[in-house]
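Just so you know, these numbers come straight off a predicted model, no measurement behind them.
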Amino acid sequence: MYQQRFNPLAQFALLVVFCGLGIMLSSIVAGLIGNAVLNVDLGDLAGALMKPENTQISRVLQIITSFLIMGMPALAVGIITGQTPIEFLGFRTAGSAKQLAIVTLMVFAGLIFSGGLGELNRIIPIKKEWATYFQSLEDNYNSAVLSMGKMQNNYDFILSLFVLALIPAIFEEMLFRGALQQIAISLVRNAFLGILLTSIIFSAIHASYYGFLPRLFLGMMLGYIFYYSKNIWLNIAAHFLNNAYALSAMYSLSREGKLTAESMNETYPLYYILIGGSILLVLFIVFKKESTKFLPAPGISNEINTLES
C-alpha cells in the first residue's frame, strides 16, 4: 500500500493549477509558432490556422496544446499521489480481448443512443437570444473541425485519425478518467456522482450546447468503462473509435462533395435512446462481470472500487 501524499481536495486543486499552467504554456507556444512560422500575432493566429495552407501547422499545434493542457496535468497529479503516474492513470492494468470486443460494441450502441440524445438536446426550448449565441458557438466549433479535418486523400485521412482521433483520445482520457474522475469519486465518496460531475465538466469544455447531452452521455459511458476496469487503454480505445467514426463520416462526405457544417450535426429519432440504452445495459452487465477478473493490485483504484455506484 502506497502512502497518499495529498487528500482528494488538494489533488483537485493541484489538477486545476496544472491545467491552468498548461493553458498558459500552450498560449506561449502558440504565440511563438504564430510569430516565427506564420508571422502573425497571437490575436490573429486562430484566423491564420483556418487557412488551408496552414492545416499541417494547425495539426502540430493541436498535438502540443493537447499534451500541455490535458496530458501533462494528468501526469503531474499522478506523480503527487504517491504512486507512479502510469499506475495511477491505469496504464498497467491487465485486460482481455473480450473486454475490448465489448467496448467496441458499446461504442456503436452509444452512437445510436447519443444520436437520440442529440435530437433531444435540439428540441429543448430555450430563449431566442440564447439559441442564436449557442448556434454561433456551434458554427465556430464546426468551422475549426472542418479546417483541421480537411482530407483530400487517404494520407490526409490517416493523419487526421492520428491528430484528431487518437491524440485527443489519449490525453482527454488521461485527464478526465485517469485523473479527474478518480479524484472526484474520492472527494464526493460516491461513484455515480463523481462520474457525473466529471462528465459534466468533460462535456462543458467542448463549448457546444447542442452537443452537450451526447457528450455528457459519452463521458458517463467512458467513466463507467474506467470505473469497472481501471484500464485506461480500454477508454482510449473507446474514445478513439468514437472519434474515428465521426472522422470517417466526414471523409466519406468530403469525397462525395457533401461535407457541410449541417451534415456534421446528424441526429436520430428519440426512440433510438431506448434502443441504444437497452443494448448498452446488457453490454455493461457483461463488461462488469468480465472486468472483475482483471482488477489491479490494491491501491487508490481499488479503494475507489469499494465505493458503491
- In terms of hydrophobic clusters joined by side-chain contacts under 4.5 Å, are Ile86 and Leu89 together? yes
- Please walk me through it: do Asn121 and Leu117 pass side chain to side chain contact (heavy atoms under 4.5 Å, CB included)? CA-CA 6 Å; Asn121 212 148; Leu117 283 180; over 6 Å; no
- Met24 vs Leu68 side-chain heavy atoms within contact, under 4.5 Å: no
- Message: Starting from Phe12, can I reach Val17 by hopping between I/L/V/M/F/W/Y residues whose side chains sit under 4.5 Å apart?
- Response: yes
- Task: For residues Leu105 and Ile279, determine if any side-chain heavy atom of one lies less than 4.5 Å from a side-chain heavy atom of the other.
- Result: no
- Within the distance-only criterion (no hydrogens, no angle test), does the side chain of Glu119 pair as donor or acceptor with the backbone N or O of Leu270 below 3.5 angstrom? no
- Message: Given the ring of Tyr227, does Arg177 sit roughly above its face, with NZ or CZ under 6.0 Å from the centre of the six-membered ring and within 45° of the axis?
- Response: no
- Message: When you compare the side chains of Gln99 and Ser291, does any donor N or O come within less than 3.5 Å of an acceptor on the partner?
- Response: yes
- Item | Distance, nearest 0.5 Å, that separates CD1 of Ile158 from CG of Asn153 | 9.0 Å
- Message: Between Phe294 and Asn231, is there a side-chain heavy-atom distance shorter than 4.5 Å?
- Response: no
- Item | Geometric class of the Tyr224/Tyr228 ring pair [parallel <30°, tilted 30-60°, perpendicular >60°] | tilted
- Derivation and outcome, side chain to side chain contact (heavy atoms under 4.5 Å, CB included), residues Ile275 and Phe113: CA-CA 7 Å; Ile275 297 173; Phe113 188 88; over 6 Å; no
- Side-chain contact test, heavy atoms from C-beta onward, threshold under 4.5 Å: evaluate it for Asn243 versus Pro168 and give yes or no. yes
- Side-chain heavy atoms under 4.5 angstrom apart, residues restricted to Ile, Leu, Val, Met, Phe, Trp, Tyr: same cluster for Leu120 and Tyr272? yes
- Message: Classify the ring geometry of Phe108 against Tyr245: parallel below 30°, tilted from 30° to 60°, perpendicular beyond 60°.
- Response: perpendicular
- Query: Once you round to the nearest 0.5 Å, how far does CD1 of Ile63 lie from CD1 of Ile170?
  - Reply: 10.0 Å
- Scanning both residues in full, the closest heavy-atom pair of Ser199 with Met220 reads OG-N, 3.1 Å
- Ignoring hydrogens and angles, tell me if any N or O in the side chain of Gln181 forms a donor-acceptor pair with the backbone of Gly223 under 3.5 Å. yes
- Task: List the steps, then state whether side chain to side chain contact (heavy atoms under 4.5 Å, CB included) holds for Ile236 with Phe171.
- Result: CA-CA 9 Å; Ile236 291 171; Phe171 294 144; over 6 Å; no
- If every non-hydrogen atom of Met70 is compared with every non-hydrogen atom of Leu175, which pair is closest and at what distance? CG-CD2, 3.4 Å
- Message: With a 3.5 Å distance limit and no angle check, can you tell me whether Ser252 reaches the backbone of Ala249 through a side-chain donor-acceptor pair?
- Response: no
- What do you reckon, is CZ of Phe284 surrounded by more than 12 foreign heavy atoms closer than 6.0 Å? yes
- Task: Consider only side-chain N and O atoms of Glu290 and Ser96, and report whether a donor and an acceptor are under 3.5 Å apart.
- Result: yes
- Query: Any sub-3.5 Å donor-acceptor pair from Asn235's side-chain atoms to Leu222's backbone N or O?
  - Reply: yes
- Point-to-point distance, once rounded to the nearest 0.5 Å, from CZ of Arg122 to CD1 of Ile124: 11.5 Å
- Side-chain contact, heavy-atom cut-off 4.5 Å: Gln182 with Thr81? no
- Message: Are Tyr268 and Tyr271 linked, directly or through intermediate hydrophobic residues, by side-chain heavy-atom contacts shorter than 4.5 Å (ILVMFWY only)?
- Response: yes
- Task: Give the minimum heavy-atom separation between Phe202 and Glu172, together with the two atoms involved.
- Result: CE1-OE1, 3.2 Å
- Note on the structure: dist Ile205:CD1 -> Ile69:CD1 (nearest 0.5 Å) comes out at 9.0 Å
- Any idea which heavy atoms bring Met174 and Leu75 closest together, and the distance? CE-CG, 3.7 Å
- Are Leu21 and Val16 connected, step by step, through hydrophobic side chains (Ile, Leu, Val, Met, Phe, Trp, Tyr) whose heavy atoms are closer than 4.5 Å? yes
- Message: Applying side chain to side chain contact (heavy atoms under 4.5 Å, CB included), can you list everything that pairs with Leu9, at least two apart in sequence or on another chain?
- Response: Asn7, Leu187
- Message: Between Ser114 and Arg215, do the side chains contain a donor N or O and an acceptor N or O under 3.5 Å apart?
- Response: no
- Measure the CD1-CD1 distance between Ile195 and Ile200 for me, rounded to the nearest 0.5 Å. 12.5 Å
- Item | Polar contact flag, side-chain donor to acceptor under 3.5 angstrom, Glu87-Thr84 | yes
- Message: On a heavy-atom basis, which atom in Gly110 and which in Phe217 lie closest, and how many Å separate them?
- Response: O-CE2, 3.4 Å
- Taking every heavy atom of Leu15 against every heavy atom of Ala74, the minimum-distance pair comes out as CD1-N, 4.4 Å
- Message: I want to check something: taking the side chain as every heavy atom from C-beta on, are Met106 and Phe287 in contact at a cut-off of under 4.5 Å?
- Response: yes
- Task: Answer whether the closest heavy-atom distance between the side chains of Thr65 and Val29 falls below 4.5 Å.
- Result: no
- Check: Gln135 and Tyr210 side chains under 4.5 Å, non-hydrogen atoms: yes
- Task: Give a yes-or-no answer on whether the side chains of Asp156 and Tyr251 include a donor-acceptor pair shorter than 3.5 Å.
- Result: no
- Note on the structure: So CG of Leu197 and CD1 of Ile183: to nearest 0.5 Å the spacing works out to 13.0 Å
- Query: What do the steps show when you test Ile57 against Ile33 for side chain to side chain contact (heavy atoms under 4.5 Å, CB included), and what is the final call?
  - Reply: CA-CA 9 Å; Ile57 297 174; Ile33 291 177; 3.9 Å; yes
